[in-house]
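All figures in this text were calculated on a predicted structure; none of them were measured in a lab. All residue numbers refer to positions in the sequence shown, counting from 1.
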Amino acid sequence: MTSSGSLLLKALVSPVGRKVLTGITGAGLVIFVIIHMAGNLTYLLPGSDPYNLYAHKLMSFGWGLYVLEIGLATFFLLHAIIGVSIFVRKRRARPKGYKLYKSAGGASRMGLSSRSMIYTGIILLVFLVFHLISFKFGPDVGDGYVAIIKGEEVRDLHRLMTEKFKGPLYAFGYPVIMILLGLHMRHGVWSAMQSLGLTNPRITPIVYPLGLIMGAGVAVGFIVVPLTIYFTPV
């Protein structure tokens, strides 16, 4: 086993290592989500060219894009595996018959968003699979989804987005998932910073509300596109 593989294995079996990995992967995924949301918002610019150009620029990264996607997939899987393992360990450690939950302040920041992390995380992971099937691996240039930008044929992802979100299932189902994403991020931002040792009593009153603002902002940023598409007359 390589030294990097050995370090990863040690981190996965160590409570402190799992905590740090959760923080690192969580922070990385938050950054990705924000960038992805910003890219999605280019759909709202006039015409189809801005969004198609954005998507085409991403594809033009070539092998660099594949490296990025492999990295993101690794982050997703590590984050999910560690999250599930932590949840299972906590359930096993919980006394029998303990069913009463109470919100807590202080360092724990126990509340709805923290208690639902495992469930929102699983839903988001399942959603990601369907999202990739629908868009990344959906109809392409070979299927007639072609746009011409500066004399070059590119994938008409703008058309695919429009067609998908004109249907009520996508138009209203997607926002529900994005609300869950916002809820997941609300506690996730705080948890990631705490796991990486970036919190202290002085900045905690700022960091936790920041998670709420970021979670709400990301949810709204993602929701506005499908609803705009659905309610805009053809």
### Query
Between atom CE of Met161 and atom CG of Asn52, what is the distance when rounded to the nearest 0.5 Å?
10.0 Å
### Task
Answer yes if Leu212 and Met214 sit in the same cluster of Ile, Leu, Val, Met, Phe, Trp and Tyr residues linked by side chain heavy atoms under 4.5 Å apart, and no otherwise.
no
### Query
Transitively linked via ILVMFWY side-chain contacts under 4.5 Å: Leu77 with Phe87?
no
### Worked verdict on Leu160 versus Leu157 for side-chain contact (heavy atoms from CB on, under 4.5 Å)
CA-CA 5 Å; Leu160 180 60; Leu157 193 57; 3.8 Å; yes
#### Entry: Cluster overlap Ile123 with Leu132, hydrophobic side-chain contacts below 4.5 Å
yes
### Message
Measuring from atom CD1 of Ile81 to atom OG1 of Thr22, what distance do you get when rounded to the nearest 0.5 angstrom?
### Response
11.0 Å
### Message
For a side-chain contact (heavy atoms from CB on, under 4.5 Å) check, start with the C-alpha distance between Leu124 and His184, then their side-chain angles and the critical distance, and finish with the verdict.
### Response
CA-CA 9 Å; Leu124 290 170; His184 195 84; 4.0 Å; yes
### Task
Compare every heavy atom of Val218 with every heavy atom of Leu181, then report the nearest pair and how far apart it is.
CD2-CG1, 3.9 Å
### Message
For a 4.5 angstrom cut-off between non-hydrogen side-chain atoms, does Arg155 reach His56?
### Response
no
### Query
Between Arg186 (side chain) and Ile213 (backbone), is there a donor-acceptor pair under 3.5 Å?
no
### Query
Under 30°, 30 to 60°, or over 60°: which ring-plane class applies to Tyr51 and Tyr54, parallel, tilted or perpendicular?
tilted
### Query
How about Lys166: does its NZ atom have over 12 heavy atoms from other parts shown lying under 6.0 Å from it?
yes
### Query
So with a 6.0 Å cut-off around CZ of Phe172, is the heavy-atom count from everything else above 12?
yes
### Derivation and outcome, side-chain contact (heavy atoms from CB on, under 4.5 Å), residues Leu65 and Met59
CA-CA 7 Å; Leu65 180 61; Met59 295 304 298; 3.7 Å; yes
### Task
Specify the closest pair of heavy atoms between Gly28 and Phe75, including all atoms of both residues, with the distance to one decimal.
CA-CE2, 4.0 Å
### Query
How far apart are the C-alpha atoms of Tyr43 and Thr228, what are their side-chain angles, what is the distance that settles it, and do they pass the side chain to side chain donor-acceptor pair (under 3.5 Å) test?
CA-CA 10 Å; Tyr43 180 97; Thr228 298; over 6 Å; no
### Message
Donor-acceptor pair, distance only, cut-off 3.5 Å: does the side chain of Asp143 make one with the backbone of Asp140?
### Response
yes
### Task
Go through His36 and Val33 one step at a time and tell me if the side-chain contact (heavy atoms from CB on, under 4.5 Å) criterion holds.
CA-CA 5 Å; His36 184 45; Val33 164; 5.6 Å; no
### Query
Is any side-chain heavy atom of Val30 less than 4.5 Å from a side-chain heavy atom of Met185?
yes
### Message
Quick check against the 3.5 Å criterion: does Asn40 have a side-chain atom that pairs as donor or acceptor with the backbone of Phe222?
### Response
no
### Task
Quick one: pull up OG1 in Thr120 and CG in Leu125 and give me the separation to the nearest 0.5 Å.
11.5 Å
### Task
Go through Ser48 and His158 one step at a time and tell me if the side chain to side chain donor-acceptor pair (under 3.5 Å) criterion holds.
CA-CA 6 Å; Ser48 61; His158 187 278; 4.8 Å; no
### Message
So for atom CD, which belongs to Glu153, do other residues, nucleotides or ligands contribute more than 12 heavy atoms lying within a distance under 6.0 Å?
### Response
no
### Query
At what distance, to the nearest 0.5 angstrom, does OG1 of Thr42 lie from NZ of Lys57?
13.0 Å
### Task
Evaluate the side-chain proximity of Val224 to Leu41: yes if any heavy-atom separation is below 4.5 Å, no if none is.
yes
### Verify same cluster id: Met37, Leu128 (apolar side-chain graph, 4.5 Å)
yes
#### Entry: Joint hydrophobic cluster, Leu58 plus Leu29, side-chain heavy atoms closer than 4.5 Å
yes
### Task
Measure from NZ or CZ of Arg159 to the centre of the six-membered ring of Tyr145 and say whether it is under 6.0 Å with the direction within 45° of the ring axis.
yes
### Query
Would you say Val225 and Leu44 make side-chain contact, with heavy atoms under 4.5 Å?
yes
#### Entry: Ring centers of Tyr66, Phe61 separated by less than 6.0 Å
no
### Message
Using ring centroids (six-membered ring only for Trp), state whether His131 and Phe127 fall under 6.0 Å.
### Response
yes
### Task
Working to the nearest 0.5 Å, report the span between OH of Tyr230 and OG1 of Thr162.
14.5 Å
#### Entry: Close side-chain approach of Ile179 to Ile223, heavy-atom, < 4.5 Å
yes
### Where Gly182 and Ala219 come nearest, the two heavy atoms and their spacing
CA-CB, 4.3 Å
### Query
What distance do Leu183 atom CG and Tyr119 atom OH have between them, rounded to the nearest 0.5 Å?
13.0 Å
### Closest non-hydrogen atom pair, Gly23 against Ala192
O-CB, 3.7 Å
### Query
Looking at Gly83 and Ile118, what are the two nearest heavy atoms and their distance?
O-CD1, 4.1 Å
### Task
Locate the shortest heavy-atom distance separating Leu45 from Pro50; write the atom from each residue and the value.
CD1-CB, 3.8 Å
